[in-house]
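This report concerns only the one structure given below.
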There are 2 protein chains.
Amino acid sequence: MTDPVKHTEALGRVLELVVVLSDDMSRSLAAQGLTDARAHLLWELHERGPSTQRVLAEALRVSPRNITGLVDALVATGFVTREPHPTDRRATLVTFTEHGATIAAGLERDQHEFARILFEGMPDDRVTALVEGLDEVLARLRAHGVSLDARPDESEAAR
Amino acid sequence: MTDPVKHTEALGRVLELVVVLSDDMSRSLAAQGLTDARAHLLWELHERGPSTQRVLAEALRVSPRNITGLVDALVATGFVTREPHPTDRRATLVTFTEHGATIAAGLERDQHEFARILFEGMPDDRVTALVEGLDEVLARLRAHGVSLDARPDESEAAR
DNA sequence: CGACATAGTGAAGGTGCATCATCATGACGG
DNA sequence: CCGTCATGATGATGCACCTTCACTATGTCG
């Protein structure tokens, strides 16, 4: 039971944070000439190193076809290049240009900067409480069957 | 100072929650034949009652032109109708059909259901801590100049 | 070698968003 | 009363993201 009203209030806070945060991050990315999707791709590339488009498609959870377009755009703006895969002639390795690598490193700095803005000076126990609270919420979501790759199978039967 | 690593971890949790949550909500909406934007419009209509498209555009923070399309879609699927404004012949009042009102009420139930899934059984003090933590983060975001209607003026000068 | 799987792309389409131009109507000062 | 300006909605275009289906080129395995 606990308090349903408080629960709805908490959900409201989470949703508000979602809106404000994603809005601000998008704006910050746009200032660097990046869209959300392209920045996401750059980020994955930054963490994985040169990758095939197939791998990127799975990382971003989008169709391989879509990756083609994103890579096209990033190639056009000089952030990445397509290199032949050394052993598989079907595949291409998406690789940073120098410029792209610089930008990607900047994304990481931006993330730290963001964390600093949000949490700097906040008491440690408060941050810990927040992380634990969010972890529990995430755990509940997963327990409820939100696996983040739930295919639209015949899973949903309720209602 | 406090701990930068913990801060980055906390940001990671927030971002993960954003992804998982919005993904799940989208799926839940799609199951009712609604896209995110159309559901958002329905939600505003539910909270405001019959509204002009202009008002909806401001509520959703999108261009009036875009509202025309969303309303078109909702009219086509029978969720809303366009009624003439009683006093201003330029304007139209977007109004629920019976079906639309039912669906909108369902959205509200869904939100409560969602809150229940996320928080039911969680100790009250934990929920409170979470809300307070999120409030502080939101306050910091705003203090940092994220006003949610920051026009791309000449505000950004840094970097 | 033949059957099948896999990497990437062309074609076509849906959705959400934007801007600019246009039309009809409202509001206000002279 | 009327001209001017503001405002509500929409037509026309265009971009970004995403999808599915079809197809080519290549890898893999019996």
Side-chain angles (χ1 to χ4, degrees), chain A residues 19 22-23 25-27 29-30 32-44 48 50-77 79-95 149 151-152, chain B residues 19 22-23 25-27 29-30 32-44 48 50-77 79-95 149 151-152:
Chain A
V19 172
S22 57
D23 195 65
M25 295 182 72
S26 290
R27 208 174 352 247
L29 290 174
Q32 304 177 55
L34 285 173
T35 64
D36 289 9
R38 312 219 256 256
H40 192 177
L41 199 161
L42 242 49
W43 181 260
E44 289 296 332
R48 294 162 185 271
S51 313
T52 66
Q53 299 189 181
R54 168 72 52 180
V55 166
L56 292 172
E58 283 159 13
L60 302 202
R61 298 171 183 281
V62 299
S63 72
R65 184 59 184 88
N66 194 18
I67 296 294
T68 299
L70 294 177
V71 172
D72 283 351
L74 289 170
V75 167
T77 49
F79 290 103
V80 303
T81 59
R82 269 189 253 248
E83 307 288 343
H85 190 287
T87 66
D88 188 339
R89 289 195 301 163
R90 295 169 302 177
T92 65
L93 277 182
V94 184
T95 322
D149 33 40
R151 281 271 159 268
Chain B
V19 172
S22 57
D23 194 66
M25 294 183 73
S26 291
R27 207 173 354 247
L29 289 174
Q32 304 177 56
L34 284 174
T35 63
D36 288 10
R38 312 219 257 256
H40 192 176
L41 200 160
L42 242 48
W43 180 260
E44 289 297 331
R48 295 161 184 272
S51 313
T52 66
Q53 299 189 182
R54 166 72 52 178
V55 166
L56 292 172
E58 283 158 14
L60 302 202
R61 298 172 182 281
V62 298
S63 71
R65 184 58 186 89
N66 194 16
I67 296 296
T68 299
L70 294 177
V71 172
D72 283 350
L74 290 170
V75 167
T77 49
F79 289 102
V80 304
T81 58
R82 268 190 252 250
E83 307 288 342
H85 190 288
T87 66
D88 187 340
R89 288 195 302 164
R90 294 169 304 176
T92 65
L93 278 182
V94 183
T95 322
D149 33 41
R151 281 270 159 267

Discussion item. Using a 4.0 Å heavy-atom cut-off, does A:Thr68 contact any base of the nucleic acid, only the sugar-phosphate backbone, or nothing at all?
Written reply: base
Worksheet item: Hey, is the side chain of A:Arg54 poking within less than 4.0 Å of OP1 or OP2 on C:dT6, counting only N and O atoms?
Response: no
Item to complete: Please tell me which of A:Arg90 and A:Asp72 maps to the more 5' nucleotide of DNA chain C, matching each residue to the nucleotide holding its nearest heavy atom.
Response: A:Arg90
Worksheet item: Do A:Val94 and A:Leu74 have side-chain heavy atoms sitting under 4.5 Å apart?
Response: no
Discussion item. Quick check against the 3.5 Å criterion: does B:Thr68 have a side-chain atom that pairs as donor or acceptor with the backbone of B:Asn66?
Written reply: no
Worksheet entry | Heavy-atom check, side chain of A:Leu42 versus side chain of A:Val80, under 4.5 Å | yes
Practice prompt. Using a heavy-atom cut-off of under 4.0 Å over every strand shown, decide if A:Asn66 touches base, sugar-phosphate, or nothing.
Written response: base
Worksheet item: Contact class for A:Arg65 vs. all strands (heavy atom < 4.0 Å): base, sugar-phosphate, or nothing?
Response: base
Worksheet item: Are any non-hydrogen side-chain atoms of A:Arg90 and A:His85 less than 4.5 angstrom apart?
Response: no
Worksheet, complete the sentence: In whole angstroms, the gap separating P of C:dG14 from CG of B:Leu70 amounts to 16 Å
Worksheet, complete the sentence: Assign each of A:Asp88 and B:Gln53 the nucleotide of DNA chain D bearing its closest heavy atom; nearer the 5' end lies the nucleotide of B:Gln53
Worksheet item: Under 4.0 angstrom, heavy atoms only, what part of the nucleic acid is B:Ile67 near: base, sugar-phosphate, or nothing?
Response: nothing
Worksheet item: Does a nitrogen or oxygen in the side chain of B:Thr35 sit under 4.0 Å from OP1 or OP2 of C:dT15?
Response: no
Worksheet item: Of all the choices, D:dC17, C:dT9, C:dC17, which nucleotide is nearest to the side chain of B:Ala37 once you look at every atom?
Response: C:dC17
Worksheet entry | Where A:Pro86 and A:Leu93 come nearest, the two heavy atoms and their spacing | CD-CD1, 3.8 Å
Worksheet item: Taking CG from B:Leu60 and P from C:dC17, how many angstroms apart are they, rounded to a whole number?
Response: 8 Å
Fill in: Below 4.0 Å: OP1/OP2 of D:dT19 and any side-chain N or O of A:Ser63
yes
Worksheet item: To the nearest Å, how far apart are B:His40 NE2 and C:dC17 P?
Response: 10 Å
Practice prompt. Indicate whether OP1 or OP2 belonging to D:dG8 is found under 4.0 Å from a side-chain N or O atom of B:Arg82.
Written response: no
Discussion item. With a cut-off of less than 4.0 Å, is there a side-chain N or O of A:Arg38 near OP1 or OP2 of D:dC17?
Written reply: yes
Practice prompt. To the nearest Å, give me how far apart CG (A:Asp36) and P (C:dT15) are.
Written response: 21 Å
Discussion item. Using OP1 and OP2 only, check whether a side-chain N or O of B:Arg89 sits under 4.0 Å from C:dA24.
Written reply: no
Discussion item. Less than 4.5 Å apart, side chain to side chain, heavy atoms only: is that true for A:Leu56 and A:Leu41?
Written reply: yes
Practice prompt. Return the value, rounded to whole Å, for the distance between atom CD of A:Glu58 and atom P of C:dT6.
Written response: 11 Å
Discussion item. Please report the distance, rounded to the nearest Å, between NE2 in A:His85 and C1' in C:dT6.
Written reply: 12 Å
Worksheet item: How large an angle, rounded to 10°, do the end axes of the helix from C:dC1-D:dG30 to C:dG30-D:dC1 enclose when each is built from five base pairs?
Response: 10°
Worksheet item: Which distance, rounded to the nearest 0.5 Å, do you find between the CG of A:Asp72 and the CZ of A:Arg38?
Response: 10.0 Å
Fill in: Validation row: A:Leu60, A:Leu70 side chains within 4.5 angstrom (heavy atoms)
yes
Worksheet entry | Between P of D:dA9 and CG of B:Leu41, the distance in whole Å | 12 Å
Discussion item. It should be established whether B:Thr92 places a side-chain nitrogen or oxygen under 4.0 Å from OP1 or OP2 of nucleotide D:dA9.
Written reply: yes
